[in-house]
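Note sheet for the following structure.
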Amino acid sequence: MDGHIGLKKIGSHASISEIDDFDLSRLLDKPRLNIERQRSFDERSLSELSIGLARGGMDNYDTYSPGVRSGFDTPASSTRNSFEPHPMVADAWESLRRSLVHFRGQPVGTIAAVDHQAEEVLNYDQVFVRDFVPSALAFLMNGEPDIVKNFLLKTLHLQGWEKRVDRFKLGEGVMPASFKVLHDPVRKTDTLIADFGESAIGRVAPVDSGFWWIILLRAYTKSTGDLSLAESPDCQKGMKLILTLCLSEGFDTFPTLLCADGCCMIDRRMGIYGYPIEIQALFFMALRCALSMLKQDDAEGKECVERIVKRLHALSYHMRSYFWLDFQQLNDIYRYKTEEYSHTAVNKFNVIPDSIPEWVFDFMPTRGGYFIGNVSPARMDFRWFALGNCVAILSSLATPEQSMAIMDLIEARWDELVGEMPLKISYPAIESHEWRIVTGCDPKNTRWSYHNGGSWPVLLWLVTAACIKTGRPQIARRAIELAESRLLKDGWPEYYDGKLGRYIGKQARKYQTWSIAGYLVAKMMLEDPSHLGMISLEEDKQMKPVIKRSSSWTC
Ligand code: GLC
């Protein structure tokens, strides 16, 4: 372990969790998180990992920390803890357990919603990969890792299926958007049915599923200390297959990942085609998680790691430079010259200043900033997307300064981004003619509804994690209080509508599982911030970009 300073190795379950825990809780109320601690496997410097210096993958696992059982628990075990949990917590656990799905007697996931009143179930009786993530984290934090392991193995098995849409075959690595277990009570058999996009409305494959799968595999490993799953040949192969889909060379001139509209949480046409921030942030995080778990004991493993390292360098540079927007940068774009040719161009993508929407000039605070929705030739989508920005903080795609700036923006634009129900999935809404063109007249995505400026309680866990990481838990507390004033009473809706998120969503399901799980995870993380380690990666000092232009970051 030449590159790892002062880490003790105690078999494969070795841990520096105490150090992690100490630092995190100590720093919680400080304005700025500045963790100077022993380096973990998450922080393996990219340059150390480049070709020639590659070490065996196994050596790099020595910081997994066994999970700490959280204070927020099922009623049966809450007596162990001295503090009084919020009354909603017990209801949430009960509802979460009602959504459990079993396969041959084993729990393998949670269905998207247990809405008894809904006239049509549509696909809400499926186990969605992305929806299961907060449930999985809740179970891990509660010391129940088996369901997560079963889920990871089941979905890995599904990855092996041949996937076709009409006569076209999808890549081997594609992970399902969702799956369902069919029980035959007569024959006493369970059969799996999966959707890789061939049944999904719009027929879009979920680009995010594979990334969430890798992120969850790391969370499981980090929380349990059980290395055997991630190191198994099947999981190693699964990770490589997912990443092979994204790391192949082609016509791309950017390190970001080119996607179809609707390929992630926003799974309907919303003008996010191109290089959506949600996918880029998840891609970055999955690459970093895979880097910490991939074995390098053969040429294939070494080559994969080498490609990941190169991509991470390019991706972080591109994102931090071109997706980042703050007051200074906005002013620079406003004054851009156009039609520049050659390497010396400042306005590289030929963005025409007239295409900057009016709202962004008022929205941008003097202090603060965010990663915008999309960047491609002559197109910048200036909309704010919550998931991508929170994942950018958690994965350290955002520099510490950028992370602080994102939190500053959330505080400065609280009414717009949080309002009465955390958290707006996107801001602002698109309306009228633009809505017609961009969404294709989608009646579900009307202004300030659903994906188009709607408020999604599931995002509470992500913003809470981002708050803890940036040392600003008071922001998370405010958001959780808002959720507590309504969520249970309203029956855990999927989303809220309106500029302030005051109205239960037009077509929102009740007892939406990830609304419930998201709340539980937020509560458990605030109570025990060491849980953050499952879902957060520290900054890699080697990835510092050369950015000259932004001076408004809060340093
Ligand atoms: C909706 C959401 C999608 C989610 C699914 C199941 O389609 O847009 O993100 O996975 O519902 O809850």
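Computed from a prediction, not measured in an experiment: that's the story for all the values here. Any value given below was found using the heavy atoms of this structure, including those in side chains, with hydrogens, waters and symmetry copies removed. For ligands, and for the atoms within them, numbers begin at 1 and follow the listed sequence.
Contact between Q126 and ligand 1 is absent, with no heavy atom of the residue lying under 4.0 Å from the ligand. Within the 4.0 Å heavy-atom cutoff, H451 counts among the residues contacting ligand 1.
Of the candidates Y495, Y450, F132, Y450 brings a heavy atom nearest to atom 1 (C) of ligand 1.
Counting heavy atoms from C-beta on, the side chains of F151 and S135 never come closer than 4.5 Å. Side-chain contact check for Y519 versus H86: some heavy-atom pair is nearer than 4.5 Å. Looking at W492 and T513, their side chains never come closer than 4.5 Å, going by heavy atoms from C-beta outward. The closest side-chain heavy-atom distance from V375 to F254 is not below 4.5 Å. Q280 places a side-chain heavy atom less than 4.5 Å from the side chain of Y275. The side-chain heavy atoms of V418 and K424, taken from C-beta on, include no pair separated by under 4.5 Å.
Those atoms of ligand 1 with a heavy atom of W514 less than 4.0 angstrom away are 4 (C), 9 (O), 10 (O). Residue-ligand proximity, E494 to ligand 1, at heavy-atom distances under 4.0 Å covers atoms 1 (C), 11 (O).
At least one N or O atom of D267, backbone or side chain, sits closer than 3.5 Å to an N or O atom of ligand 1. In terms of polar-atom proximity, defined here as any N/O pair under 3.5 Å, Q512 does make such a contact with ligand 1.
Atom 6 (C) of ligand 1 has as its closest protein heavy atom D131 OD2, 3.1 Å. M265 O, 2.7 Å is the protein heavy atom nearest to atom 9 (O) of ligand 1.
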Next item on the list: Begin with the C-alpha distance, continue with both residues' side-chain angles, and end with the deciding distance and a verdict on salt bridge (Lys or Arg N to Asp or Glu O under 4.0 Å) for K180 and D125.
Entry: CA-CA 7 Å; K180 190 176 163 161; D125 59 347; 2.7 Å; yes
